[in-house]
Amino acid sequence: MDERNITYMFYGLAVAWGLLAVYAVLLGLRERDLTKQLDTLKRMVEEKK
Amino acid sequence: MSGPAVAAAGVWKYFGDYPALRDVRFELREGECLALLGRNGAGKTTLLRILGGLSGASKGAVEINGGDVRASQTRARIGWLGHSIGLYDELSARENLRTFGALYGVTAGMISEWLAKVNLAHVADSPVREYSRGMRQRLAVARAFLHGPRLLLLDEPFTSLDDKAIALLQGLLAAARADGATIILSTHQIREAMELASKVALLDRGKLVHFGERTEEMVGDPTYLYRTYGSAA
Amino acid sequence: MRTKVILALGAVALPLLLRNLYAIMFLVPDEMEQGPIYRIFYYHLPAFFTAALCYLTALVSSILYLLKKDQKYDAIAVSATETGLAFAAVNLITGMIWGRISWGIWWAWDPRLTWALICWLVYFGYLMLRSAIDDPTERAKNSAVLSVFASASVAITWKAIEWWRTQHPGPVLSIRTGGVQKIDPIMENMIYVNTVALLFLAAIFILVRLRQEEVQREIDALRRYAHAMN
Amino acid sequence: MTTLRHAAAIAVKDLRSEFRTKESINSTLSFSVVILLLFAFAFDPTPDMIAEFGGGLLWIVFVFAGALIVNRAFARELPNDCIDVLVSSPASGASLFLGKAVAAFVLLFGIECICLPVFGILYNVTWWRSLSGMMGVLALGTWAMACVGVFISALTVNLRLREVMLPMLVYPVLIPAILPAMMLTNTLLTGQPLPSDFGVWLRLLVGFNIMFTTLSVYLAETILVR
């Protein structure tokens with residue numbers, strides 16, 4: 001088996017893990033963003049009362 | 001006729017989690033005229049749209065003459081006049097009325113009659129685009145009354161109309177009432193509405209805070225209703 | 001409660017994923033003809049199964065939304081679609097890498113590849129539509145309808161490819177070939193085990209996404225409320 | 001029956017206002033011809049090449065034209081909130097949808113019928129060898145576009161990015177209809193006796209139409225009553 005075959009296997013595995021990791025990070029970022037938005041809004045509504 | 005002409009039974013309308021209407025319930029008998037009052041964003045338009053079948057209630061139900069609003073024969077009895085005129089600019093007055101008339105089963109003779117009645121017979125075949133504001137509004141009124149509706153739903157009818165159109169609309173509304181049609185109109189112009197109304201409803205943030213007979217105090221003092229039943233805000 | 005479930009799932013999924021990675025790299029035997037590259041299949045195939053299951057979940061919950069008009073189903077639909085897209089991306093790109101070695105090209109206009117790409121585009125459109133609609137109820141309704149449309153189209157496209165010539169490897173798993181053993185049982189088991197691991201991961205993603213959807217609803221409601229106060 | 005009568009009224013209205021302004025007819029027609037020209041410049045095609053990709057080229061043009069036409073289907077109702085009046089009228093959502101789809105179909109079919117001879121002249125193709133078959137395939141593919149396009153235009157009519165969003169949503173969904181339409185058109189253009197897989201592609205196209213027409217008619221009311 002040639003060199004490339006095994007290198008590309010590693011690429012494949014890295015992509016599989018990498019893509020899912022990227023999605024997980026994106027989820028995390030959105031979580032942070034949403035929490036921030038919610039806090040700001042809650043404070044705004046609080047003030048108006 | 002026994003049952004109510006319009007019955008709203010616990011109508012809720014959500015936009016996402018926000019309730020635009022909360023548990024609105026009222027009944028209207030045939031021949032009554034309801035003035036729907038309330039601030040901007042109180043839910044007047046939302047309620048009218050649900051009554052007219054343009055929008056579905058999230059919870060609860062609306063019945064028109066005991067039937068579902070989305071039933072075709074129920075909607076054949078409803079006349080709708082919204083914020084905008086609801087006409088096609090590139091078509092002529094006659095073509096506009098013909099299009100809508102075809103949906104309601106109105107004859108060509110009736111259409112000519114209406115064109116004369118709203119004083120547009122002489123320009124009936126030129127496109128609506130060329131009309132003045134007042135002419136467009138008169139045509140819109142004719143469109144709403146074309147099929148002899150038994151229930152009229154008018155959203156802020158007096159706000160965008162000019163004097164001539166208001167006079168025309170008031171005349172038609174009075175005639176419709178005399179004929180036993182039911183009318184619901186939402187409005188800011190309390191004075192004009194009070195002259196017509198037999199019942200008054202006040203919406204506040206989606207809640208029906210008052211529903212009852214029109215009284216003499218209301219006609220005399222436009223702010224009476226808000227002061228008595230409106231929220232402190 | 002939800003957080004605990006997510007953590008518990010994570011506690012199962014992560015060791016399983018790591019164990020599978022170890023097993024895939026060092027324990028399973030090499031395939032005769034293809035060499036190490038075939039190990040990509042242990043992600044390629046399970047990712048496809050997971051994505052397909054996600055799409056199916058999205059379809060079912062979209063239909064449920066249209067029937068019941070409950071925002072909960074809309075949240076499930078969007079969570080499942082998004083997670084499905086992530087796994088479909090894994091499926092597509094690992095497939096491309098495998099194709100580079102086995103076919104010599106990154107992208108063959110092979111029907112099955114094409115189908116997977118179309119599928120991706122269709123559901124990506126679903127997410128685009130969602131992001132463009134402001135009112136949550138309208139968004140839920142319109143996107144549920146689009147989801148039904150998309151699934152119908154995807155199903156027909158799937159049928160269409162069977163009439164086209166394909167150079168994609170046919171079914172190898174014994175459940176698809178009617179019990180005929182086409183690959184080593186060790187390999188087949190590995191595929192199943194990794195499918196389970198990825199399904200756990202997908203479940204975590206969906207649950208997290210679901211919670212975010214709930215927070216989003218709260219934000220939307222608060223925003224409306226703030227506007228109404230003016 | 002009433003549904004069809006209402007649908008006819010809507011279709012007539014749509015066609016009449018379109019012919020009055022000619023907004024989308026003119027732009028779509030010139031757009032299609034320009035694309036046909038551009039392709040001819042770009043590839044300087046030989047008869048062999050045309051036999052291979054003629055059907056594909058034609059349908060690419062039609063699909064672009066289709067996006068422009070269906071985009072107007074519900075956008076037409078936006079000024080003056082005409083859609084409110086239509087929805088509040090006795091016409092059901094299904095009849096509104098059908099009327100608009102028929103109007104879009106007629107417009108598109110007309111434009112395609114003008115494009116075909118232009119295509120024939122520019123690329124030196126005798127496309128009329130099996131005229132009825134050609135018209136049949138054209139009609140089936142066009143109905144698929146009109147049906148899916150008009151339905152999705154109802155979904156996207158209120159969006160700011162409507163013009164971009166619509167083709168992005170419509171094209172992927174349309175692929176299982178456009179694919180057989182291209183194959184069939186190609187076969188018909190060569191004028192050879194029909195191969196055995198002709199029926200298979202035809203079934204696919206017809207099946208797509210039946211399925212999506214049913215779905216749209218069934219779901220139209222849900223979309224239009226907000």
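Reckoned from all heavy atoms, side chains included, excluding hydrogens, waters and symmetry mates. Letters go in sequence order (proteins before strands), and every chain restarts at 1.
Residue pairs satisfying the side chain to side chain donor-acceptor pair (under 3.5 Å) criterion with at least one member in residues 208-217 of chain D, sequence neighbours excluded, are listed as follows: D/W143-D/T213.
Of the atoms belonging to D/L219, it is side-chain heavy atoms, and not backbone ones, that fall under 4.5 Å from chain C. In this structure, chain D has no heavy atom under 4.5 Å from any part of C/D135. Using a 4.5 Å cut-off between heavy atoms, C/L117 does not touch chain D at all.
Nearest heavy-atom pair across C/K69 and D/T222 is NZ-CG2, 4.1 Å. When all heavy atoms of C/I156 and D/M211 are compared, the closest pair comes out as CD1-SD, 3.5 Å.
For the atom pair CZ (D/R160) and CG (C/D134), the distance works out to 5.0 Å, reported to the nearest 0.5 Å.
Annotation: residues 166-178 of chain D contacts chain C through D/M168, D/L169, D/P172, D/V173, D/I175, D/P176 [non-hydrogen atoms, separation under 4.5 Å]. For residues 193-215 of chain C, an interface with chain D (any heavy-atom pair closer than 4.5 Å) does not exist.
Legend: residues meeting salt bridge (Lys or Arg N to Asp or Glu O under 4.0 Å) with D/D14, ordered by chain and number and at least two apart, are D/R76, D/K100.
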Can you check side chain to side chain contact (heavy atoms under 4.5 Å, CB included) on D/L215 and C/V145, steps first, answer last? CA-CA 10 Å; D/L215 266 181; C/V145 168; over 6 Å; no
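Using cut-offs of 30° and 60° for the angle between ring planes, the C/F149 and D/F212 rings count as perpendicular.
Checking each of D/N158, D/I223, D/T156, D/I152 against C/N142 for a side chain to side chain contact (heavy atoms under 4.5 Å, CB included) leaves exactly one that passes, namely D/I223.
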